[in-house]
Amino acid sequence: MKVVFMGTPEFALSALKKIAKKHDVICVYTREPQIAGRGNKLTKSPVHQWSEENGILVRTPKTLRSPEAQKEYADLRADIAVVAAYGLILPQPIIEAFPKGCINIHGSLLPRWRGAAPIQRAIEAGDDKSGITIMNIVQALDAGDMLLKGEVKITKETTGEILHDQLAELGAELIVQALNQIDELQSKAEKQNESLVTYAAKIDKKESLIDFNLSAEELERKIRAFNPYPAMYFEYKGERIKILKAEICHQNGKAGMILEGEQALIIACGKEALSVQELQRAGKKKMTIKEVLNGFKFENIVLS
RNA sequence: CGCGGGGUAGAGCAGCUCGGUAGCUUACCAGGCUCAUAACCUGGGGGUCGGUGGUUCAAAUCCACCCCCCGCAA
């Protein structure tokens, strides 16, 4: 099949790689290069870079609302479009441009977690499973009929990064399967149950400052969900310290109080306490707590 | 030229202002002790102090340039 692929980050790239093995990807749409990284360098998206390296036509329109962009798109005469974390809203003419439509890879078991950050929100909420839904694109956000699903368990070890990678892999497999059976799947597409819809709000950097008034249980989930990005952190004597991994510890104390800072790092929360297992100090690489404490001790102060 | 922190033993750090025999924790090796613990005691090995050049009687430390790692912002 002739496929147009629309995607931007790593998550989309794993799908693109697999599709390109089985189908004819005639054009890739991705976000235009952004100013990013130290030194504010103009950086091409992962999908952009890989596509160029593999000789696939790349387009990076700022918007798809213009008639010119829409005509250029339609002129590709593809069979179908696959969208995965693209980053631009698709107007109706784009959605309807190709005969077999426009399908999307979404990182949750819809209708739960429509929206921008389904992977992290599932962990944060304490869900015991997540997954991939392949669905038709419609104008309303992530509301299209569902074609194919796959599940992944969320365990106590599941971090945002792990789940992201698992779902990227699963998404890649399912999208290839969906393309192979597209007509059959379309004939039995399933509507989403609107009463079960939840929304996964975009992650705001402000959320990553730890509020020790929350329970240790809630904070541990946030720490896992937001590892490695944006990573939950606290300020210790003006220094930003990210917690990458922590365990719940059955101790209590004034919220934010460092109960132990030499043999271990244990911080009291609203309910119980967190024993930090892995952290990253500003300017340093991430380290296990044992490594940190070999050369750095925390005083028993109260973190605000 | 976006802002900033850092590179010293395998790992984590101190020492740098104020140049003068490189130190701490841990890991490792050997011996002892122990039912057991991130155990304890004794002894030991391990470093061209990121690189190059400069200043100096003397540079981890001061100066210049370069390489590498990371945090923030976006």
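Protein chains get the first letters and strands the later ones, always in sequence-line order, with residue 1 at the start of each. Basis for what follows: all heavy atoms, side chains included, without hydrogens, waters or symmetry-related copies. Since this is a predicted model, take the numbers as computed values, not measurements.
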request  = Could you let me know what B:C62 is paired to, Watson-Crick or G-U wobble, both distances under 3.5 Å, or none if it's on its own?
outcome  = B:G54
query = Are the charged groups of A:Asp79 and A:Lys100 less than 4.0 angstrom apart, N to O?
reply = no
ask   = Distance between the P atoms of B:C49 and B:A11, in whole angstroms?
value = 16 Å
key: Nucleotide B:G2, atom C1' - distance to CD of A:Gln34 in whole Å   = 16 Å
Pairs satisfying ring pair (Phe, Tyr, Trp, His ring centres under 6.0 Å), at least one member in residues 11-41 of chain A, at least two apart = A:Phe11-A:His164, A:Tyr29-A:Tyr73
P atoms of B:A59 and B:G54, separation to the nearest Å = 12 Å
request  = Using the C1' atom as the reference point in each nucleotide, state the distance between B:A22 and B:A14 in Å, no decimals.
outcome  = 11 Å
ask   = Who are the salt bridge (charged side-chain N to carboxylate O under 4.0 Å, His left out) partners of A:Glu161, not counting sequence neighbours?
value = none
key: Interatomic distance where CD1 belongs to A:Ile266 and C1' belongs to B:A38 [whole Å]   = 13 Å
task = Taking atom C1' in both B:C33 and B:U42, compute the distance separating them and give it to the nearest angstrom.
result = 11 Å
request  = Go ahead and name the base partner of B:G47; Watson-Crick or wobble counts if both distances stay under 3.5 Å, otherwise write none.
outcome  = none
Tabulate atom names and distances for all N/O pairs under 3.5 angstrom spanning the protein and nucleotides 22-25 of chain B.
residue, atom, partner, partner atom, Å
B:U25, O2, A:Asn294, O, 3.3

task = For nucleotides B:U8 and B:C13, find the distance between their C1' atoms and express it as a whole number of Å.
result = 10 Å
ask   = Quick one: on RNA chain B, does A:Lys41 or A:Met287 contact a more 5' nucleotide (nearest heavy atom)?
value = A:Lys41
Side chains of A:Gln192 and A:Arg114, donor plus acceptor under 3.5 Å = yes
key: Pairwise C1' distance, B:G44 and B:U61 [rounded to whole Å]   = 30 Å
query = Who is the Watson-Crick or G-U wobble partner of B:C72, with both distances under 3.5 Å?
reply = B:G2
query = What pairs of residues pass the salt bridge (Lys or Arg N to Asp or Glu O under 4.0 Å) test when at least one of them lies in residues 257-269 of chain A, not counting sequence neighbours?
reply = none
inquiry  = How many whole angstroms separate atom CD of A:Gln277 from atom P of B:A38?
reply    = 13 Å
ask   = Could you write nucleotides 68-74 of chain B as a row of B, S and -, 5' to 3', where a protein heavy atom under 4.0 Å of any base atom gives B, of only sugar-phosphate atoms gives S, and otherwise -?
value = -SBBBBB
key: Residues A:Glu124 and A:Lys222 bridged, charged N to O under 4.0 Å   = yes
ask   = Atom CG of A:Leu279 and atom C1' of B:A11: how far apart are they, to the nearest Å?
value = 14 Å
request  = List in chain and number order the residues that pass salt bridge (charged side-chain N to carboxylate O under 4.0 Å, His left out) with A:Asp142, two or more places apart in sequence or in another chain; answer none if no residue qualifies.
outcome  = none
inquiry  = Less than 4.0 angstrom from a charged side-chain N to a carboxylate O is my criterion; do A:Glu194 and A:Arg112 meet it?
reply    = no
ask   = What is the distance, rounded to the nearest whole Å, between atom CD1 of A:Ile289 and atom P of B:A27?
value = 16 Å
query = Looking only at atom C1', what distance separates B:G20 and B:A60, rounded to whole Å?
reply = 13 Å
note = note: A:Leu265, atom CG; B:G12, atom P; distance rounded to Å ~ 18 Å
inquiry  = Under a plain distance cut-off of 3.5 Å, with no hydrogens placed, do A:Glu96 and A:Gln92 share a side-chain donor-acceptor pair?
reply    = yes
note = If pairing means Watson-Crick or G-U wobble with both distances under 3.5 Å, then the partner of B:A39 is none
message = Rounding to an integer number of angstrom, what distance separates B:G2 and B:A64 when you compare their C1' atoms?
response = 25 Å
ask   = Looking at A:Tyr236 versus A:Phe234, is the centre-to-centre ring distance below 6.0 Å?
value = no
